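Worksheet: the structure to be examined is printed underneath.
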Amino acid sequence: MTALADPALYQTFLSHYILCVGSLAALGGAEADLGGELAHARTKGSFMVTEIGEASSHLRIRTEARYDAGRRVFLLHTPDEAAAKFSSVAAPGLPQQAVVCARIVTGPRPGRRGVLLPDGHHGGRRAARAGG
(Lines give C-alpha, C1' and ligand atoms only; values in the text may rest on other atoms or scores of the structure.)
Protein backbone atom coordinates (compact mmCIF):
# COMPACT_ATOMS: atom_id res chain seq x y z
CA MET A 1 0.00 0.00 0.00
CA THR A 2 2.83 2.43 0.83
CA ALA A 3 4.23 2.12 -2.70
CA LEU A 4 0.94 3.39 -4.09
CA ALA A 5 0.34 6.07 -1.45
CA ASP A 6 3.88 7.51 -1.46
CA PRO A 7 6.15 6.14 -4.22
CA ALA A 8 9.08 8.40 -3.23
CA LEU A 9 9.00 7.17 0.38
CA TYR A 10 8.80 3.57 -0.81
CA GLN A 11 11.81 4.02 -3.14
CA THR A 12 13.80 5.65 -0.32
CA PHE A 13 12.94 2.78 2.05
CA LEU A 14 13.83 0.16 -0.58
CA SER A 15 17.17 1.77 -1.40
CA HIS A 16 18.11 2.45 2.22
CA TYR A 17 17.06 -0.66 4.14
CA ILE A 18 16.80 -3.44 1.58
CA LEU A 19 19.66 -2.64 -0.79
CA CYS A 20 22.17 -0.63 1.27
CA VAL A 21 21.71 -1.90 4.84
CA GLY A 22 20.80 -5.38 3.59
CA SER A 23 24.03 -5.57 1.57
CA LEU A 24 26.09 -4.49 4.56
CA ALA A 25 24.41 -7.02 6.83
CA ALA A 26 24.94 -9.84 4.35
CA LEU A 27 28.50 -9.00 3.38
CA GLY A 28 30.08 -7.11 6.26
CA GLY A 29 28.09 -7.85 9.37
CA ALA A 30 27.37 -5.35 12.14
CA GLU A 31 30.90 -3.90 12.08
CA ALA A 32 30.28 -2.58 8.54
CA ASP A 33 27.77 -0.02 9.90
CA LEU A 34 29.99 1.77 12.40
CA GLY A 35 27.89 3.23 15.20
CA GLY A 36 24.66 2.01 13.60
CA GLU A 37 24.35 5.21 11.56
CA LEU A 38 22.59 3.45 8.68
CA ALA A 39 20.55 0.96 10.71
CA HIS A 40 19.11 3.77 12.83
CA ALA A 41 18.58 6.11 9.82
CA ARG A 42 20.92 8.83 11.10
CA THR A 43 22.65 8.47 7.72
CA LYS A 44 20.82 7.91 4.42
CA GLY A 45 21.95 4.84 2.51
CA SER A 46 21.95 4.39 -1.26
CA PHE A 47 22.75 1.47 -3.53
CA MET A 48 24.61 2.60 -6.62
CA VAL A 49 24.76 0.16 -9.51
CA THR A 50 23.56 2.35 -12.40
CA GLU A 51 26.14 4.06 -14.58
CA ILE A 52 25.09 7.06 -16.65
CA GLY A 53 26.09 5.64 -20.03
CA GLU A 54 25.13 2.01 -19.45
CA ALA A 55 22.17 -0.04 -18.35
CA SER A 56 21.73 -0.72 -14.67
CA SER A 57 23.15 -4.22 -14.86
CA HIS A 58 25.76 -5.22 -12.30
CA LEU A 59 27.24 -7.52 -14.94
CA ARG A 60 28.42 -4.64 -17.14
CA ILE A 61 29.75 -2.19 -14.55
CA ARG A 62 32.97 -0.42 -15.44
CA THR A 63 33.61 1.40 -12.17
CA GLU A 64 36.73 -0.11 -10.62
CA ALA A 65 37.78 -0.48 -7.00
CA ARG A 66 41.48 -0.87 -6.22
CA TYR A 67 42.44 -1.99 -2.74
CA ASP A 68 45.04 0.09 -0.90
CA ALA A 69 46.40 -2.36 1.69
CA GLY A 70 48.38 0.31 3.56
CA ARG A 71 45.29 2.43 4.25
CA ARG A 72 42.80 -0.50 4.25
CA VAL A 73 40.48 1.26 1.82
CA PHE A 74 39.20 0.78 -1.70
CA LEU A 75 39.92 3.61 -4.11
CA LEU A 76 37.20 3.95 -6.72
CA HIS A 77 38.12 4.70 -10.32
CA THR A 78 35.66 5.83 -12.98
CA PRO A 79 37.26 5.29 -16.40
CA ASP A 80 35.12 7.92 -18.17
CA GLU A 81 31.96 10.01 -17.77
CA ALA A 82 29.71 7.24 -19.10
CA ALA A 83 30.77 5.03 -16.17
CA ALA A 84 29.83 7.64 -13.52
CA LYS A 85 27.43 6.37 -10.86
CA PHE A 86 24.30 8.14 -9.73
CA SER A 87 21.43 7.60 -7.37
CA SER A 88 17.92 8.85 -7.92
CA VAL A 89 17.12 8.73 -4.22
CA ALA A 90 18.20 11.74 -2.17
CA ALA A 91 17.66 12.96 1.37
CA PRO A 92 18.64 16.64 1.49
CA GLY A 93 20.28 17.69 4.75
CA LEU A 94 21.02 14.14 5.89
CA PRO A 95 24.52 12.63 5.76
CA GLN A 96 24.71 9.89 3.13
CA GLN A 97 26.60 6.68 2.48
CA ALA A 98 26.36 4.36 -0.47
CA VAL A 99 27.08 0.78 -1.37
CA VAL A 100 28.77 1.27 -4.75
CA CYS A 101 28.88 -1.68 -7.12
CA ALA A 102 32.31 -1.95 -8.70
CA ARG A 103 34.75 -4.38 -10.24
CA ILE A 104 37.39 -5.19 -7.62
CA VAL A 105 40.60 -5.27 -9.65
CA THR A 106 43.18 -5.65 -6.86
CA GLY A 107 43.22 -7.23 -3.43
CA PRO A 108 42.43 -10.63 -2.01
CA ARG A 109 38.95 -11.08 -3.59
CA PRO A 110 38.71 -9.80 -7.19
CA GLY A 111 35.29 -9.73 -8.86
CA ARG A 112 32.12 -7.64 -8.81
CA ARG A 113 31.15 -6.47 -5.34
CA GLY A 114 29.66 -3.62 -3.40
CA VAL A 115 31.96 -1.33 -1.42
CA LEU A 116 30.79 1.16 1.19
CA LEU A 117 31.45 4.76 0.29
CA PRO A 118 31.17 6.70 3.56
CA ASP A 119 30.01 10.28 3.80
CA GLY A 120 33.14 12.36 4.05
CA HIS A 121 36.29 13.19 2.20
CA HIS A 122 39.80 11.86 2.65
CA GLY A 123 42.37 14.30 1.30
CA GLY A 124 39.92 15.66 -1.27
CA ARG A 125 39.03 12.20 -2.57
CA ARG A 126 36.49 9.74 -1.30
CA ALA A 127 37.75 6.39 -0.13
CA ALA A 128 35.63 3.32 0.47
CA ARG A 129 36.18 1.27 3.64
CA ALA A 130 37.30 -2.28 3.28
CA GLY A 131 35.00 -4.82 4.82
CA GLY A 132 36.18 -7.45 7.36
Side-chain angles (χ1 to χ4, degrees):
M1 182 68 157
T2 301
L4 296 175
D6 192 340
L9 176 62
Y10 176 76
Q11 184 63 33
T12 299
F13 175 84
L14 176 71
S15 177
H16 179 86
Y17 282 107
I18 305 302
L19 298 174
C20 184
V21 176
S23 293
L24 290 177
L27 300 173
E31 66 274 3
D33 183 15
L34 299 177
E37 295 297 306
L38 287 163
H40 297 290
R42 292 186 293 265
T43 298
K44 163 66 178 74
S46 295
F47 187 83
M48 301 178 81
V49 64
T50 304
E51 295 180 347
I52 291 173
E54 296 290 330
S56 58
S57 171
H58 68 287
L59 299 175
R60 294 185 46 133
I61 54 177
R62 296 183 308 126
T63 300
E64 296 177 349
R66 297 180 179 126
Y67 187 64
D68 180 335
R71 294 173 46 203
R72 296 201 56 192
V73 297
F74 284 101
L75 301 175
L76 296 177
H77 170 71
T78 304
D80 55 55
E81 288 184 16
K85 298 284 191 195
F86 76 96
S87 173
S88 61
V89 181
L94 193 62
Q96 298 188 41
Q97 296 186 51
V99 171
V100 178
C101 294
R103 288 186 306 117
I104 310 296
V105 295
T106 59
R109 296 175 56 202
R112 291 173 182 84
R113 294 192 174 51
V115 294
L116 180 63
L117 182 67
D119 184 46
H121 293 277
H122 301 275
R125 299 173 61 185
R126 289 183 181 266
R129 278 198 303 259

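Model, not experiment: these values are computed from the prediction.
Contact between I61 and C101 at its shortest, heavy atoms only, is CD1-C, 3.6 Å. In this structure, V49 and K85 approach most closely via the heavy-atom pair O-NZ, 3.0 Å. For the residue pair R112 and R103, the shortest heavy atom distance occurs at CG-CG, 4.0 Å. Nearest approach of A82 to R62, heavy atoms of both residues: CB-NH2, 3.5 Å.
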| task | Carefully, step by step, assess E51 and T78 under the rule side-chain contact (heavy atoms from CB on, under 4.5 Å). | result | CA-CA 10 Å; E51 295 180 347; T78 304; over 6 Å; no
| request: Check the pair Y67 / I104 against side-chain contact (heavy atoms from CB on, under 4.5 Å), numbers first and verdict last. | output: CA-CA 8 Å; Y67 187 64; I104 310 296; 5.7 Å; no
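I52 is not listed as a side-chain neighbour of E81, based on a closest heavy-atom distance of 4.5 Å or more.
The structure places OG1 of T106 at 7.5 Å from CZ of R66, a figure rounded to the nearest 0.5 Å.
Without hydrogens or angle criteria, T63 side chain to A83 main chain gives a donor-acceptor distance under 3.5 Å.
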